[in-house]
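What follows is a short report on a single structure.
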Amino acid sequence: MSEKQDKTKQMESAFDASTEESLYKLWEESGFFTPENVEKYLKENGNEIKKPFTITLPPPNANGQLHLGHTCGYSFQDAMGRFNRMMGHPTLLLPGKDHASIQTEAVFSRILEEQGENKWDLGRDEFYKRCYEFCMSAAKNAQEQEKRIGLSADWSRDFFTLDPRLNEIINETFFEMFKDGLIYRGKYIINQCPHCRTALADIDTERKEMPGIFAYIVYPFTDEKDNDLAEKKLGQRGIMIATTRPETMLADTAVAVNPDDDRYKEFVGKKVMLPVANREIPIIADEAVDIENGTGALKVTPAHSPIDFDIGLTHNLDVINVIDENGHMTGEIPERFKGMETIECSKALVKELEEMGLLNKIERIKHEVTVCERCQTPIEPIVSYQWFVDVKPLAEKALEAIRTGKTIVIPDGQQSALIHFFENIKPWCISRQLWWGQRIPVWYSGGKKLYDWLQDNPESTIEDWEEETGDKAKGSGKIIASLDKPENDPEWKGSSMDLWLEEESDIFDTWFSSGQWPFSTLGGREGEDFKKYYPTQVMETARDILFWWVARMMMLGIYKTGETPFARVFLHGLILAADGSKMSKSRNNGVAPAEVFKKYGADALRLWYFTDSLPGSNTLLQEEKIKGNRFFINKIWNASRFILLNLEESEIPALRSRLEAIDNGWKNGDLSASEILMKTKEHTEKIIEYMDQLRFHLAAESIREFFWKYFCDICIEDTKNEIKGKEIGSDERIESLAILLYVLKQNLKIMHPLIPYITEAVWQELTKAGLAEGFIMVQQIG
RNA sequence: GGGCGAUUAGCUCAGCUGGCUAGAGCAUCUCGUUUACACCGAGAGGGUCGUAGGUUCGAGUCCUUCAUCGCCCACCA
C-alpha cells in the first residue's frame, strides 16, 4: 500500500511539460549528440554500424528571435536525425548561425540609430566588432530555443558563417573560381539607397504606390526632313516620349520603339537631338518596348533604369551615369544641374523644356516605385562595377544531378520549379557594398579606380590614365585574387616602394558563403569530417529559399567537391497565422515558440508540425490542434503510469526475464503466440517505412491511432481485469504485464523521433523501475 | 508576362503508383465513467471530393476545358 502511494507521488497524473528541459540536459550530458559517441556505444553493444547520417542544419539568421517556422524546420530535422540514430546510423546534425549580411546590417543599423549612433561614425572596424557581439548574443538566445524544441544537434560542431575557419574555405572557393574564369568583374545596374548609402539586392526592396508625374517630351530629329515627316505622321516635329523621371533624360543614349509599331517604323535608325543635353541619340527598335504604354516611344537610360540597361546591352549603347550614390546629379551634365537632388532637377528640366516648347503635357499619376525596405526611400538605379559568377556551367551540372536522381526534391512540384530556375539562370552578382560580411579576397594593384578606369577604357593604357588624372600609377592596374594579402605584384615594373595594393571593400553576398555550408562546416575538401560525413543525406529547409539557397548549395557543392551535397531536399511550408496571413511584427500576430512550449510542451508542438505541415503547403496555426496533441502526450504518460502502478516490485525479476524472452522471439520473428505483438511488429515496420520516405504526417497519424485506439482502448482495457483479478506473481499476471510492457517500450521507441520528451520521460521511469536501460535516444528500433 | 501549386465534412487538412461503402484532428450532439487519464470512454450527425467533358470494367485519384484562390520570379517608361 505504501509502495503504491510512493509511486503515485513520483508519477503525477499529468505529464508536466516543464520537465522537458531537464530531460534535454540529460541528453546533452550523455554525449550522444556527437556521432562518434553513438558509434562507440553501438559497437560496445554489439550493434551493426551503418553509414553516417548527416544534415548540415540550415543556419538561421543571427539577428533576432526564432519563430515558429524555425522550430518547424528543426522538428523535422531532429525527427530524421533521431530516427536514423535509432536505426544504427552514427548521426550528425550540424548546427550554426548565419551572419545574414544585409539583413543583419539593416537590423543592427536600426539599433544603432535608436541609440543615437550610426555606422559611419563608428567606422568599418568598430561597426564590425559591435555587430559581431550583437550576433553572438542573438545566437545564444536562438540556441536556447533550438534546444527547447529538442534538437539533438552536435553543439561541439556549432558554426557561425563568419567563423575564420569557414572564411578560409569560402575564399579558397572564390580563388579557384576566379582562376577558372567563372568569376568576373562587370558593370551592372544596382539598386542604390541614397539614404543608407548602399547597394541593395532586389530582395531588399519593396514596391510602394506613390504620387508622381508623367511628362510628355518631344525630342526633335536632327534632320529637318525627318521633322517634316514626323509632323505629318505624328503631329509634332520630333518623336515624343513619356517619362516619370525627366531628370534621367540627361543620361539618355537612345529612344526605343517596338519593331512592330507602325507609327515609328520608318524612323528607326534616324537620329534625334536630346534637348538640354544637346547630344545626338539614335532611334532603335526593341521588342521589350510596350506599344500601348505612354507614347510607345521609350527614352533609354541604361544607367538609371533596369529595363533600359538590358536594352543598352542588346544594342551596345553607352552608359552615362548622372546620379551619384547620394541621389545627387553628377557627371557630364550642364553645370547648372550639378549637385541638385533628382526631384529638384526634374522640376528645373521641365521648366526649361516648357520654355523651349518641347513639353507637350504633364499628367499627375499614381504609380508603384521601388523603395528601400528599411527606410522607404525610393531607390536610385545606378550602374556600377560588381562581382559576378557565371553560373551557367554550374547550373548544368546541378541539372544533371537532378535528372539522374542524385538529388531529389520533395515535393516534386518544387523540383520542377528548381529545374526551371536552373534552365533560365542569370549571372549571379555576389558583391555587396556593405560592411557586415566577408570581404572579397581581391587586391587592386594601383587601386580600384585605376582598374575600373582601364575597364571603362579598354583601348587605353596606364600612361593614358596618368595623363588624364595627373596622378602617378602605383601598380599594374591588374587584379590580384589571393587567399592572403599579397606582398607584391609580379607584373608591377615600378619600385616596390610605389606599389599600392588596395583591398576590395565589397563583401560577399550572404548566399555565397551559406551556399557552401554543407562542405565548409565539414572542414572543406580536406577535412576529416568531410571524408566521413559528405555528401549529406538530407537538406530540410523552407520552401521560400529554394532558389536563393538550395540552388546555390548544389552549384557550389558540385563545383567544389564533384558531388551533389545532399541526396534529398525536403521543403516544409510556411507557418501562417490562423487567418492565413503571414506572421509579422507589423501585424503583431506572431506567436513566439516560447509561449507554445510553456502552454503545451515541445512534443505537442512537434506533433502538430508533423501532422499538419506537409511539404509544399502552408500551414495555418491552430492552437486547438496543438492542444489536442497535448492530450495525446498525456495519454502516453497515463498509459505508462497505469502499467507501472499495477506491477509489484516483487514481480520485476520475473518480468525482466519474460521481457528478454519476448525480445528474442521478436528478433527471430517468432511472435505467433501473441496477436498484440504481431500487430506491433507490423506497425513498427509501417512506421519505419513512413520515416524512410519522409512521410511524417502518415507516421504521426499512425502512432497516434495505434497507441491510443489500439494499445490503450483495446489492449489495456481488455487486460485490465485480468491484471487486477489475478494473484500477484502469477504466470497470467506476469504474461499480461510483460506483453503490455514490451509493447509499450516498442511504441516508445518508434514514437521517440517524433515526440522525444515524453518517450524519454517514460523510459527513464522504466529505467528507475529496473525495466529498461540507458537512454531511449540510442535504443535501436526493430 | 513566366513558373509552381491548390479547390474533399462547420474549420484545418490527409487520401502514395486509379478499386472508397471517401478518412483524421478540432468543433457539434447523445450517453457513460470519477481508484491510468474529464488532458477520459462509447456512439451519432455531417461531404453528389470546384465546373464541364474525356480515358477506363471502375476516377477524389489520370487527361483536357473553364472558374476561383495562393505562392515564387520578372516587370510596370
Side-chain angles (χ1 to χ4, degrees), chain A residues 4 7-8 11-15 17 202-203 207 212 214-217 241-246 248-249 252 255-256 288-290 292-301 304-308 310-311 365 367-370 411-421 423-424 426 543-548 573-574 576 578 580 582 600-601 604 607-608 611-646 689-690 693 695 697-698 700-702 704-705 708-709 712-713 716-717 720 723-724:
Chain A
K4 241 177 209 175
K7 278 187 193 164
T8 314
M11 280 185 90
E12 299 289 335
S13 67
F15 176 63
D202 290 342
I203 202 171
R207 305 287 301 185
F214 210 29
Y216 291 74
I217 303 166
I241 56 92
T243 180
T244 54
R245 303 201 52 197
T248 62
M249 70 177 281
D252 284 0
V255 171
V289 178
D290 183 354
E292 307 294 320
N293 210 331
T295 64
L298 169 68
K299 65 190 269 308
V300 182
T301 321
H304 301 297
S305 158
I307 184 171
D308 296 10
D310 286 339
I311 295 174
I365 55 160
H367 64 150
E368 290 217 317
V369 288
T370 307
D412 54 340
Q414 294 298 308
Q415 175 155 312
S416 311
L418 186 59
I419 288 173
H420 185 263
F421 173 80
E423 283 172 344
N424 297 285
K426 300 241 166 69
R543 199 186 48 181
D544 55 351
I545 51 173
L546 181 62
F547 304 144
W548 299 109
L574 293 172
L576 303 174
K582 270 195 180 177
Y600 308 109
L607 201 52
W608 173 66
T611 321
D612 272 42
S613 183
L614 272 83
S617 58
N618 294 337
T619 313
L620 277 54
L621 177 65
Q622 286 179 283
E623 273 200 59
E624 283 303 310
K625 288 200 168 190
I626 303 177
K627 196 169 150 194
N629 290 335
R630 168 97 188 93
F631 297 165
F632 175 56
I633 301 301
N634 197 54
K635 187 77 185 176
I636 297 171
W637 179 252
N638 273 294
S640 313
R641 184 167 162 257
F642 172 78
I643 297 169
L644 280 166
L645 289 179
N646 277 288
E689 200 184 323
Y690 288 153
Q693 297 171 341
R695 301 178 73 178
H697 68 284
L698 296 180
E701 236 172 69
S702 245
R704 186 192 186 99
E705 171 81 15
W708 201 326
K709 296 283 185 278
C712 293
D713 294 348
I716 294 184
E717 291 302 327
K720 213 171 204 173
I723 292 166
K724 293 193 171 173

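When reading the values below, keep in mind they use all heavy atoms of this one structure, side chains included, and skip hydrogens, waters and symmetry mates. Below, read A as the first sequence line, B as the second, and so on, with proteins coming before strands; counting in each chain starts at 1. The structure displayed is predicted, hence computed values, not measured ones.
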Measure the distance from [atom1] on [X] to [atom2] on [N] and round it to the nearest whole Å.
| X | N | atom1 | atom2 | answer |
| --- | --- | --- | --- | --- |
| A/Gln622 | B/A14 | CD | C1' | 14 Å |
| A/Phe631 | B/A24 | CZ | C1' | 17 Å |
| A/Ile636 | B/C40 | CD1 | P | 13 Å |
| A/His697 | B/A14 | NE2 | P | 7 Å |
| A/Glu423 | B/G2 | CD | C1' | 13 Å |
| A/Asn629 | B/C39 | CG | P | 16 Å |
| A/Asp308 | B/A77 | CG | C1' | 7 Å |
| A/Glu689 | B/C16 | CD | P | 14 Å |

From [options], nucleotide with atom closest to [X] side chain:
| X | options | value |
| --- | --- | --- |
| A/Glu717 | B/C72, B/G15, B/C37 | B/C37 |
| A/Trp708 | B/G41, B/G70, B/A77 | B/G41 |
| A/Gln414 | B/A36, B/A77, B/C4 | B/C4 |
| A/Asp290 | B/C40, B/C75, B/A77 | B/A77 |
| A/Glu701 | B/C40, B/A77, B/A24 | B/A24 |
| A/Ala417 | B/G3, B/A36, B/A77 | B/G3 |
| A/Arg641 | B/C16, B/C76, B/A36 | B/A36 |
| A/Lys625 | B/U12, B/C40, B/G15 | B/U12 |

Assess whether one donor atom and one acceptor atom, taken from the side chain of A/Arg543 and the base of B/C71, lie less than 3.5 Å apart.
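When only heavy-atom distances are counted, A/Arg543 does not reach the base of B/C71 through any donor-acceptor pair under 3.5 Å.
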
Taking atom types as they are modelled, would you say the side chain of A/Glu292 forms a donor-acceptor pair with the base of B/A77 within the 3.5 Å cutoff?
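No pair found.
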
Checking the side chain of A/Asn618 only, and the main-chain atoms of A/Gly573 only, is there a donor and an acceptor separated by less than 3.5 Å?
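Side chain of A/Asn618 to backbone of A/Gly573, a donor-acceptor pair under 3.5 Å: no, none is there.
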
Can you tell me how far [atom1] in [N] sits from the matching atom in [M], rounded to whole Å?
| N | M | atom1 | result |
| --- | --- | --- | --- |
| B/C4 | B/G45 | P | 43 Å |
| B/G58 | B/G19 | C1' | 7 Å |
| B/A77 | B/U65 | C1' | 37 Å |
| B/C62 | B/A44 | C1' | 37 Å |
| B/C72 | B/C57 | P | 44 Å |
| B/C37 | B/U28 | P | 24 Å |
| B/G18 | B/A22 | C1' | 14 Å |
| B/U56 | B/G43 | P | 43 Å |

Mind checking if [X] touches a base, just sugar-phosphate, or nothing, with heavy atoms under 4.0 Å?
| X | value |
| --- | --- |
| A/Gly294 | nothing |
| A/Val300 | nothing |
| A/Phe421 | nothing |
| A/Glu624 | sugar-phosphate |
| A/Lys635 | base |
| A/Lys724 | sugar-phosphate |
| A/Glu705 | nothing |
| A/Phe632 | nothing |
| A/Leu298 | base |

Tell me which nucleotide, if any, is Watson-Crick or G-U wobble paired with [N] when both distances must be under 3.5 Å.
| N | result |
| --- | --- |
| B/U56 | none |
| B/U21 | none |
| B/C37 | none |
| B/G5 | B/C69 |
| B/C26 | B/G10 |

Cation-pi, A/Phe642 ring and A/Lys720 (6.0 angstrom, 45 degrees)
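Cation-pi check for A/Lys720 and A/Phe642: passes.
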
Within 45° of the axis and under 6.0 Å from the centre of the six-membered ring of A/Phe632, does NZ or CZ of A/Arg704 qualify?
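Yes, a cation-pi geometry holds between A/Arg704 and A/Phe632.
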
Compare side-chain N and O positions of A/Lys720 against OP1 and OP2 of B/C37 and report whether any pair is under 4.0 Å apart.
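No, outside the criterion.
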
Report yes if at least one side-chain N or O of A/His420 is closer than 4.0 Å to OP1 or OP2 of B/C72; otherwise report no.
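Answer is no, no contact under 4.0 Å.
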
Is there a side chain to side chain contact (heavy atoms under 4.5 Å, CB included) between A/Trp708 and A/Asp713? Walk through the geometry before answering.
CA-CA 6 Å; A/Trp708 201 326; A/Asp713 294 348; 3.7 Å; yes

Comparing A/Phe214 and A/Thr619 on RNA chain B - which has the more 5′ nearest nucleotide
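Nearest-nucleotide comparison on RNA chain B picks A/Thr619.
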
By nearest heavy atom, map A/Leu614 and A/Ile716 onto RNA chain B; which one lands nearer the 5' end?
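Result: A/Leu614.
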
So, A/Ser305 versus A/Lys299: side-chain donor-acceptor pair below 3.5 Å or not?
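A/Lys299 and A/Ser305 do not have a side-chain donor-acceptor pair below 3.5 Å.
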
Does a donor on one side chain and an acceptor on the other come within less than 3.5 Å for A/Thr301 and A/Asp252?
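Looking only at side-chain atoms, A/Asp252 and A/Thr301 do form a donor-acceptor pair, the distance falling under 3.5 Å.
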
Working to the nearest 0.5 Å, report the span between CG of A/Asp308 and OG1 of A/Thr248.
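These two atoms lie 7.5 Å from each other.
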
Which atoms form the tightest heavy-atom contact between A/Tyr690 and A/Ser702, and what is the distance?
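Heavy atoms of A/Tyr690 and A/Ser702 come nearest at CE1-OG, 3.8 Å.
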
Whether over 12 other heavy atoms sit under 6.0 Å from A/Asn424 CG:
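Check passes, neighbour count above 12.
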
